[in-house]
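All values reported here derive from a predicted model rather than from experimental measurement.
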Amino acid sequence: MDDVDLAILRSLIKNSRITISQMSKEIDVPDATISNRLKKLEIDVIKRYTMILDWQKLGLEITSIIIIQTESEKHESVKEELSRLEEVSEVYSVSGEYDILIKVSVPGIEELNRLINTKIRSIEGVEDLTEMIVMERVKEDVPSLKGL
């Protein structure tokens, strides 16, 4: 990966809907180069294009971070089952006292309670969990590539 690839990625981070022509002008590289590099990046680096939504405007008023302890031999299956829950947007395997961290969005407290008690706690291998309700989104973005 060179400076041109990084410039393409930075441009996409700022505006994933930018056209190849606009990117070409911004980076000062020919359209064909941008197009070829982008195709390679989409194979090797770019997992997918997505959006950052305002969940509250969609009726998902509550965002919660939940940390989960698992039985060590069931860790993999717990991760897979959590990943299948539609309310769960992120699943991380973490170090420390807890094993998994998830982020969920739901319409209200009742739905959060139902999710935790009927779906998450019922997953075989979940030993304990702690939930934290997000009070304010201070920053929700993709990381920049400044260090690269």
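With sequence neighbours left out, the salt bridge (Lys or Arg N to Asp or Glu O under 4.0 Å) criterion links K25 to no other residue. Applying the salt bridge (Lys or Arg N to Asp or Glu O under 4.0 Å) rule to E73 yields no partners; only residues at least two apart in sequence or on another chain are considered. With sequence neighbours left out, Q22 forms a side-chain hydrogen bond (donor to acceptor under 3.5 Å, both in side chains) with T19. Partners of D128 under the side chain to side chain contact (heavy atoms under 4.5 Å, CB included) rule, at least two apart in sequence or in another chain, are Q69, Y98. Under the salt bridge (Lys or Arg N to Asp or Glu O under 4.0 Å) criterion, R17 pairs with no residue, sequence neighbours left out. With sequence neighbours excluded, no residue forms a side-chain hydrogen bond (donor to acceptor under 3.5 Å, both in side chains) with E97. Residues satisfying the side-chain hydrogen bond (donor to acceptor under 3.5 Å, both in side chains) criterion with N113, sequence neighbours excluded, are N117. Residues meeting the side-chain hydrogen bond (donor to acceptor under 3.5 Å, both in side chains) test with E26, sequence neighbours left out: S11.
Pairs of residues two or more places apart, or lying in two chains, that qualify as side chain to side chain donor-acceptor pair (under 3.5 Å) and include a residue from residues 1-10 are D2-R37, D5-R37.
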Could you tabulate the donor-acceptor pairs under 3.5 Å formed by side-chain atoms of residues 43-60, not counting sequence neighbours?
unit_1, atom_1, unit_2, atom_2, d
Y49, OH, E42, OE2, 2.7
D54, OD1, Q56, N, 3.2
D54, OD1, K57, N, 3.4

Side chains of residues 82-94: which donor-acceptor partners sit under 3.5 Å, not counting sequence neighbours?
unit_1, atom_1, unit_2, atom_2, d
S83, OG, K79, O, 2.8
E87, OE2, K119, NZ, 2.8
S89, OG, K103, O, 3.4
E90, OE1, Y92, OH, 2.5
E90, OE2, K103, NZ, 3.4
S93, OG, H75, NE2, 2.8

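The hydrophobic cluster containing V104 does not contain I67, counting ILVMFWY residues as joined when their side-chain heavy atoms lie under 4.5 angstrom apart, directly or transitively. No single ILVMFWY cluster, assembled from side-chain heavy atoms under 4.5 Å apart, contains both I109 and V134. Each of L101 and I66 belongs to its own hydrophobic cluster when Ile, Leu, Val, Met, Phe, Trp and Tyr are linked at side-chain heavy-atom distances under 4.5 angstrom.
Residues I8 and L41 are in side-chain contact: their nearest non-hydrogen atoms beyond the backbone lie under 4.5 Å apart.
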